[in-house]
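Okay, structure first, notes after.
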Amino acid sequence: MATITPAYSQCLGDLKTRYRQVQLKAAVAVNTAMLQFYWELGADIAAQQGKHAWGSGFLAQLSAGQSTPIAKQAASQFDGDNSKETRNG
């Protein structure tokens, strides 16, 4: 078995540190993008809701649209679920 030198240990430690920093940077970028998406989604829903009369059922219809086969299929492409059934049913 080869002897591990201090230089090798330092190099390996540096690589691990850089790898972890890149992982954290990527996680922050993803979380930032998702936060932006949800903020815009909320604004879009609020704007659409403002165009509909009180009691029109807009939110109920929008919510029901999330459980249609097409919506389920689209969602499964993004959450890594390649099966035809959703996790909840």
Side-chain angles (χ1 to χ4, degrees):
M1 185 170 220
T3 305
I4 297 175
T5 65
Y8 173 80
S9 293
Q10 179 66 38
C11 180
L12 184 60
D14 291 347
L15 288 173
K16 287 180 179 181
T17 299
R18 285 176 42 208
Y19 180 77
R20 188 71 182 134
Q21 288 172 342
V22 170
Q23 278 185 317
L24 292 172
K25 190 175 181 179
V28 168
V30 169
N31 288 339
T32 301
M34 292 304 299
L35 183 62
Q36 181 68 35
F37 168 75
Y38 288 127
W39 183 268
E40 292 171 1
L41 177 64
D44 291 346
I45 290 172
Q48 288 298 318
Q49 191 176 9
K51 295 177 184 178
H52 294 83
W54 180 261
S56 68
F58 166 74
L59 288 178
Q61 184 178 7
L62 182 64
S63 178
Q66 296 303 309
S67 61
T68 64
I70 292 173
K72 286 181 183 180
Q73 181 182 6
S76 71
Q77 291 175 357
F78 292 105
D79 66 12
D81 181 10
N82 293 326
S83 68
K84 295 193 184 235
E85 295 183 32
T86 63
R87 289 185 179 114
N88 294 330

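- Residues satisfying the side chain to side chain donor-acceptor pair (under 3.5 Å) test with R20, not counting sequence neighbours, are Q23.
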Show me the side-chain donor-acceptor pairs of residues 39-46 shorter than 3.5 Å, one per line, residues at least two apart or across chains.
residue : atom : partner : partner atom : Å
E40     : OE2  : Q36     : NE2          : 2.6

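- Rounded to the nearest 0.5 angstrom, R18 CZ and K25 NZ are separated by 12.0 Å.
- Rounding to the nearest 0.5 Å places CE of M34 at 8.5 Å from CG of N31.
- I4 pairs by the side-chain contact (heavy atoms from CB on, under 4.5 Å) definition with Y8, S9, not counting sequence neighbours.
- Hydrophobic clustering of Ile, Leu, Val, Met, Phe, Trp and Tyr side chains at less than 4.5 Å, counting indirect connections, unites L59 with Y38.
- Cluster membership for L12 and Y19, using ILVMFWY side-chain heavy atoms within less than 4.5 angstrom, is not shared.
- Under the 4.5 Å side-chain criterion, counting only non-hydrogen atoms from C-beta, L24 is not in contact with V28.
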